[in-house]
There are 2 protein chains.
Amino acid sequence: MSLRSALLALLRIGPMSGYELAKQFSQSVGHVWHAPDSQIYPELRKMATEGLVVAEEQTRGTAGRRRVYHATEAGERAFLDWMNSPLKYQRTRDAAHLRAAYLESADQEAICDFLRGHIEHWQGELKVWEDEIATIEALESPMLNRRLAVTAEEDREVTIEYKKFAYEGLAARARSEIDWAQRGLKLSRRLERTAETASSRHTD
Amino acid sequence: MSLRSALLALLRIGPMSGYELAKQFSQSVGHVWHAPDSQIYPELRKMATEGLVVAEEQTRGTAGRRRVYHATEAGERAFLDWMNSPLKYQRTRDAAHLRAAYLESADQEAICDFLRGHIEHWQGELKVWEDEIATIEALESPMLNRRLAVTAEEDREVTIEYKKFAYEGLAARARSEIDWAQRGLKLSRRLERTAETASSRHTD
DNA sequence: TTCACCATGTAAGTTGTTACATGATTCC
DNA sequence: GGAATCATGTAACAACTTACATGGTGAA
């Protein structure tokens with residue numbers, strides 16, 4: 001459902017080909033909801049059969065073809081229905097925290113690698129999201145600008161603010177993860193020392 | 001892979017039936033990695049065919065049966081391999097933040113419902129994790145106690161500390177989500193006022 | 001005897017991953 | 001002519017969801 005909503009959200013900006021949509025999923029929206037092309041193309045076809053979008057077949061050059069999708073009124077309604085309906089939360093499934101719970105079974109080196117990897121991963125995400133916020137604030141986000149161009153003047157600030165709000169939440173999460181992993185590194189160093197002390201006490 | 005690792009982590013405490021494992025997934029481990037019975041039973045069978053666990057068939061009463069699974073050495077090795085190997089991160093797929101990015105398209109009431117729902121959801125999670133931390137600290141976690149019973153004395157503190165560490169990370173995340181949604185509520189009230197001001201200015 | 005709990009699944013469908021496959025166009 | 005990029009997919013598999021289906025045990 002969310003992939004579909006993300007696609008509809010983009011198509012509300014204007015008609016786009018599967019390729020363009022896939023691009024957006026490796027940039028803007030994709031930073032919130034990732035999807036590979038192999039999922040996007042079939043989903044668009046499915047949405048077309050359900051009348052949420054219509055495909056306009058175009059040719060490029062002599063033999064090139066592209067399918068430009070337009071959101072229909074049913075698609076617009078489906079998007080707004082999703083926006084106004086309660087969000088379904090999935091149960092927690094967090095591999096990093098699962099592993100963290102059993103870190104005593106890992107080698108000291110693996111513990112450091114894991115925590116450092118966690119920090120690196122979330123620093124990467126944080127950078128993406130902070131850059132996105134900066135781009136939005138500088139009014140340099142291509143997609144948002146296209147959206148603003150078809151938005152009534154009095155709704156523009158609201159549109160910008162919510163977009164920033166979304167990315168700020170993600171950034172906050174990233175910071176929290178980095179913070180946690182850093183505390184983990186300290187903890188693992190402390191526990192390593194404790195273990196050494198304990199074993200030396202035993203061998204005294 | 002993570003479901004498998006979670007199952008193996010539990011089986012390292014001692015032999016358990018699919019039912020018992022499913023119970024744990026609606027309690028302790030399940031607070032980190034959720035899995036329904038319909039996923040656990042088939043996974044255990046698959047792990048049995050791969051030699052990671054062996055099933056010991058037992059009878060209960062006259063006709064009751066149960067399959068008690070033991071982790072094999074290969075299972076133990078698989079778990080440790082997972083613990084010592086780099087963690088794979090999936091790309092972001094966050095429905096709440098996806099929706100937040102397009103909140104200008106939602107009704108004011110839906111915005112509040114969404115943000116309040118988000119707060120409620122994460123407050124629920126937070127309570128679970130904080131309770132879990134308290135239970136661990138009080139040495140009242142049944143599963144952890146069973147694990148500690150088969151753990152060398154000098155490794156007990158480490159085991160406890162990492163378990164707490166894991167839940168603290170989850171709790172931090174929950175707090176960050178609650179915080180974000182609360183800022184969202186304030187933002188939405190501010191933007192609502194702005195919109196009214198703007199429209200009243202127009203209708204003056 | 002009834003109810004809570006023990007116990008084990010299947011079946012159908014959706015979503016997501018990874019890898020593969022193909023060909024046109026545009027610009028240098 | 002070659003490389004980047006435009007453009008669209010398929011196929012196989014893994015993971016997860018939702019709903020259904022069945023029966024035994026143990027205690028009040």
Side-chain angles (χ1 to χ4, degrees), chain A residues 1-7 15-27 29-30 32-50 52-53 55-69 78 82 87-95 98, chain B residues 1-7 15-27 29-30 32-50 52-53 55-69 78 82 87-95 98:
Chain A
M1 224 67 250
S2 290
L3 170 57
R4 185 166 289 207
S5 304
L7 288 168
M16 254 174 268
S17 69
Y19 183 78
E20 276 177 280
L21 287 161
K23 284 280 115 161
Q24 293 317 312
F25 271 84
S26 61
Q27 293 161 31
V29 223
V32 181
W33 193 273
H34 167 76
D37 343 2
S38 63
Q39 213 187 343
I40 290 170
Y41 286 113
E43 185 63 26
L44 284 168
R45 299 210 142 211
K46 219 174 137 204
M47 286 164 76
T49 68
E50 293 175 37
L52 303 178
V53 297
E56 176 198 343
E57 315 263 343
Q58 292 186 345
T59 47
R60 283 198 339 134
T62 50
R65 76 225 148 90
R66 71 194 218 122
R67 236 185 278 274
V68 175
Y69 288 94
W82 180 76
L87 192 65
K88 272 177 203 137
Y89 290 88
Q90 311 116 277
R91 306 286 291 273
T92 309
R93 231 178 230 119
D94 191 311
L98 171 64
Chain B
M1 224 66 258
S2 289
L3 171 58
R4 187 167 287 208
S5 303
L7 288 168
M16 253 175 270
S17 68
Y19 182 79
E20 276 177 278
L21 287 161
K23 284 279 115 159
Q24 293 316 310
F25 270 84
S26 61
Q27 293 161 32
V29 222
V32 180
W33 192 274
H34 166 77
D37 343 3
S38 63
Q39 213 187 343
I40 291 169
Y41 286 112
E43 186 63 26
L44 284 169
R45 301 210 141 212
K46 218 173 138 205
M47 287 163 77
T49 69
E50 294 176 38
L52 303 178
V53 297
E56 176 198 342
E57 314 264 343
Q58 292 187 345
T59 48
R60 283 201 335 137
T62 49
R65 74 225 147 90
R66 73 194 216 120
R67 234 184 281 273
V68 175
Y69 288 94
W82 180 76
L87 193 65
K88 273 177 204 138
Y89 290 87
Q90 312 116 277
R91 306 285 291 275
T92 309
R93 229 178 232 118
D94 191 310
L98 171 63

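Chain A is the first sequence line, chain B the second, and so forth, proteins listed ahead of strands; every chain is numbered from 1.
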Mind checking side chain to side chain donor-acceptor pair (under 3.5 Å) for [X] and listing every partner two or more places apart, or none if nothing turns up?
X       : result
A:Arg4  : A:Glu43, A:Glu50
B:Asp94 : B:His97
B:Gln90 : none
B:Ser5  : none

Check B:Leu44 against B:Gly18 and note the closest heavy-atom contact, atom names and distance.
CD1-CA, 3.7 Å
Could you state the atom-to-atom distance from [atom1] of [X] to [atom2] of [N] in whole Å?
X       : N      : atom1 : atom2 : value
B:Arg91 : C:dG16 : CZ    : C1'   : 13 Å
A:Leu44 : D:dA7  : CG    : P     : 14 Å
B:Asp37 : D:dA21 : CG    : P     : 16 Å
B:Phe25 : C:dC6  : CZ    : C1'   : 19 Å
A:Glu57 : C:dA24 : CD    : P     : 17 Å
A:Met16 : D:dC6  : CE    : P     : 15 Å
A:Ile40 : C:dT17 : CD1   : P     : 11 Å
B:Tyr89 : C:dT17 : OH    : P     : 16 Å

For the side chain of A:Ser38 and the base of C:dT18, is some donor closer than 3.5 Å to an acceptor across the two?
yes
Excluding sequence neighbours, so at least two apart, what forms salt bridge (Lys or Arg N to Asp or Glu O under 4.0 Å) with B:Glu56?
none
When rounded to the nearest 0.5 angstrom, what is the spacing between CD in B:Glu57 and CZ in B:Arg67?
4.5 Å
Would you please name every residue forming a side-chain contact (heavy atoms from CB on, under 4.5 Å) with A:Arg91, sequence neighbours left out?
B:His34
Could you pull out all residues at least two apart from B:Ala35 that satisfy side-chain contact (heavy atoms from CB on, under 4.5 Å)?
B:Leu3, B:Phe25, B:Gln39, B:Ile40
Provide a list of protein-nucleic acid N or O atom pairs under 3.5 angstrom, restricted to nucleotides 13-16 of chain D.
unit_1	atom_1	unit_2	atom_2	d
D:dA15	OP1	B:Met1	N	3.2
D:dC16	OP2	B:Gln39	NE2	2.9
D:dC16	O3'	A:Arg93	NH1	2.9

Go through residues 59-68 of chain B and report each residue with a non-hydrogen atom lying under 4.0 Å from DNA chain D, sorted by number.
B:Arg60, B:Gly61, B:Thr62, B:Ala63, B:Gly64
For D:dT8, does OP1 or OP2 lie under 4.0 Å from any side-chain N or O of A:Tyr41?
yes
Contact class for A:Arg45 vs. all strands (heavy atom < 4.0 Å): base, sugar-phosphate, or nothing?
sugar-phosphate
